[in-house]
Amino acid sequence: MTSDTITKSQAAQSAANMSSYDSYCAAFTWKDARAQIDGFADGKLNIAHEAVDRHVLAGHGSQVALRWIAKSGARTDFTFLELSHLTNRFANVLRRQGVKKGDRVYSLLGRTSDLYIAALGTLKAGGIFCPLFSAFGPEPIQSRMEIGGANALVTTARLYNRKIKNLRSDLPDLRTVFLTDGDAEDTHNLKSLMAAADDDFRIEHMDPEETGLLHFTSGTTGKPKGVVHVHEAVVAHHITGHLALDLKPGDVYWCTADPGWVTGTSYGIIAPLTNRVTMIVDEAEFDVTRWYDILEQEAVNVWYTAPTAIRMLMRAGADALAGRDFSSLRFMASVGEPLNPEAVIWGNDVFGMPFHDNWWQTETGGIMIANFAAMDVKPGSMGKPLPGIEAGIVKVTKDNARALTEPLAMGELALRPGWPSMMRGYLHEEARYKKCFQSGWYLSGDLAMRDADGYFWFIGRSNDLIKSAGHLIGPFEVESALMEHAAVAEVGVIGIPDETVGEIVKAYVALKPGHAPTEDLRLEMIGHARKRLGPAVAPKDIIFRENLPKTRSGKIMRRLLKARELGLPEGDISTLESDER
Ligand code: ATP
Ligand code: MG
């Protein structure tokens, strides 16, 4: 914990969508939140109507909904009206090719406009949309298509030939494949079908409890789970975009996540559009100069990114920032991993505002705990629960129930079930799903604590907790202390079994450019950690690595560091981004 709270000015507070957290919470009901979306007169709804068509009906058809930046740098704008027509066309194409309501439509696409049109068009047609990372190899693709029972797939000719063609005979449910840019045997040419399709489509009116989205978890702790979400989730997407990301109609908004994981859909497609912002989509991968260029040239107002990217920007240093003008930025947020206090403070120094960390999971469908725009930020804290969300830190009692802990005590982060975007199941894993709900709580599997002011602090995944000489040590605390060292770019901390003390703390560190992995530096870092954390908690050993193993969504895979350290099987590595060992 750190005491250097970043306070918000009165002006910033009154400009925020939620200017007072406490009074907003007191007045909040999910019924009111539901009233902020349209729905249909028959009580049904559709995520895609809320995202696109309702803005056209309200007279905002000419506003740019999506600005797509190709790898080449070329920009293409799609207005809400154009997006409405294109998604109608896509829905018509699905119908013509026999894709029915309830069918599972997968995408295997880079961040191109086709992906966004396919997602929203599928929802219009009442299909269940499931986005896959285009960088996945054939095995992760096959297993996810099998688990979800994919009926249709939208992909490119190149990806099809490289990754799908040979799998077709193993995927009997996969009846229809659309190629966005070419032809191949047993596939449909999407471009020509779209050209021939009608601009009008009678959008499916969905029961709020009907499934709209299937997302696979990141695979940080083990085999990815298939998480089911329903159309009602849009109520949470919308209100969290409004409150936790402070989105205002007409904002320029950039979510850097790929729709291959849930952030890229909930906050890279749905929430921004329901909140009627102009969203930036960049086809290219991370690049320091390119990212700063986009923030500056597109005059981004709200930026939602992830700790790994922030650490890479920090690693690039001050040169890349020289002469930049980020005066359009109003709000910056981060999700996916614990955000080290160091990164929050860096953001405040460089951009004149802190990164606002928020916490949620594929299972929660939307942001649950956040640093809201009007709230003071305690660097290193995830913030406070969303209005309408009851979050608690619970521990197991003797009779295997759950009791709330005292402030500052560690426990499992739990939520009272019932919010609109809560998962409705793990596909084919009913028992595992049921196990998440105990004693009236949804149990997240994350360890955290709550301070006396009601701020939540992440400690670690329950599997990552280190037990050493009678201490329980959360890896995040150790990682954050090491991140303060000027030479550290990235760090992952694990516990290694030890006969005497149970486990010893070991850290893997990637260095910033210009720092050599010397023994002196290693000892200096251990010394720094000891000073900050005390000898019982500080790492006993530090190993230097070029890079740390991470998931494609940018999360450090501590379980892989540990498996490799101990020579154990690596387990499911389908989401592993290539790393250096
Ligand atoms: P899997 O469940 O397959 O192991 P995963 O949990 O990483 O993968 P996601 O649903 O993408 O899959 O990630 C949710 C998890 O990410 C949370 O449970 C939490 O551990 C971590 N996380 C997300 N946001 C934060 C945050 N702001 N601070 C700390 N941890 C976070
Ligand atoms: Mg998880």
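One-based numbering, in listed order, for ligands and for the atoms of each.
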Can you say whether the rings of Y292 and F326 are parallel (under 30°), tilted (30 to 60°) or perpendicular (over 60°)?
-> tilted

Per-atom contacts, ligand 1 versus M382 - under 4.0 Å to a heavy atom | 28 (N)

Which is closest to atom 20 (O) of ligand 1 in terms of heavy atoms, M368, Q361, R461, E337?
-> R461

Can you tell if the side chain of L447 reaches within under 4.5 Å of the side chain of R461, non-hydrogen atoms only?
-> no

Distance filter under 4.0 Å to V335 heavy atoms, resulting ligand 1 atoms | 24 (N)

Under 4.0 Å from one or more heavy atoms of P338, ligand 1 contributes atoms 28 (N), 29 (C), 30 (N)

Around atom 12 (O) of ligand 1, find the nearest protein heavy atom and jot down its residue, atom name and distance.
-> S218 N, 3.2 Å

So which protein heavy atom does atom 19 (C) of ligand 1 come closest to, and at what separation?
-> D446 OD2, 2.9 Å

For ligand 1, indicate whether the residue N358 contacts it via side chain, backbone, both or neither (heavy-atom separation under 4.0 Å).
-> backbone

Of all protein heavy atoms, the one nearest atom 10 (O) of ligand 1 is T362 OG1, 2.5 Å

Angle class for the Y442/F437 ring planes (parallel below 30°, perpendicular above 60°, tilted otherwise)?
-> tilted

Atom CD1 of I310 and atom CG of L339: how far apart are they, to the nearest 0.5 Å?
-> 5.0 Å

Does S553 have a heavy atom less than 4.0 Å from any atom of ligand 1?
-> no

Ranked by distance from atom 2 (O) of ligand 1, the top protein heavy atom is K225 NZ, 2.9 Å

Residue pair T364 / M422, side-chain heavy-atom distance below 4.5 Å = no

Charged N-O contact under 4.0 Å between E337 and K550 = no

Among all protein heavy atoms, pick out the one at the shortest distance from atom 16 (O) of ligand 1; state its residue, atom name and that distance to 0.1 Å.
-> K555 NZ, 2.9 Å

Which protein non-hydrogen atom lies closest to atom 7 (O) of ligand 1, naming both residue and atom, and how far is it?
-> T220 OG1, 2.4 Å

Any heavy atom of G336 sitting closer than 4.0 Å to ligand 1?
-> yes

What do we get for W359 next to ligand 1 when only non-hydrogen atoms under 4.0 Å count, side chain, backbone, both or neither?
-> both

So is G219 polar-close to ligand 1, meaning N/O to N/O under 3.5 Å?
-> yes

Got a salt bridge between D451 and K378, using NZ or NE/NH1/NH2 to carboxylate O under 4.0 Å?
-> yes

Pair E479 + R558: basic N to acidic O under 4.0 Å | yes

For W360 and ligand 1, answer yes if some heavy atom of the residue is under 4.0 Å from a ligand atom, otherwise no.
-> yes

Where is the nearest protein heavy atom to atom 4 (O) of ligand 1: which residue, which atom, and how far?
-> T221 OG1, 2.4 Å

Taking NZ, NE, NH1 and NH2 as the nitrogens, is one of them in R111 or D258 under 4.0 Å from a carboxylate oxygen of the other?
-> yes

Is the shortest distance from a Lys or Arg side-chain nitrogen in R564 or E570 to a carboxylate oxygen in the other one below 4.0 Å?
-> yes

Is any NZ, NE, NH1 or NH2 atom of the basic residue among D173 and R104 found under 4.0 Å from an Asp or Glu carboxylate oxygen of the other?
-> no

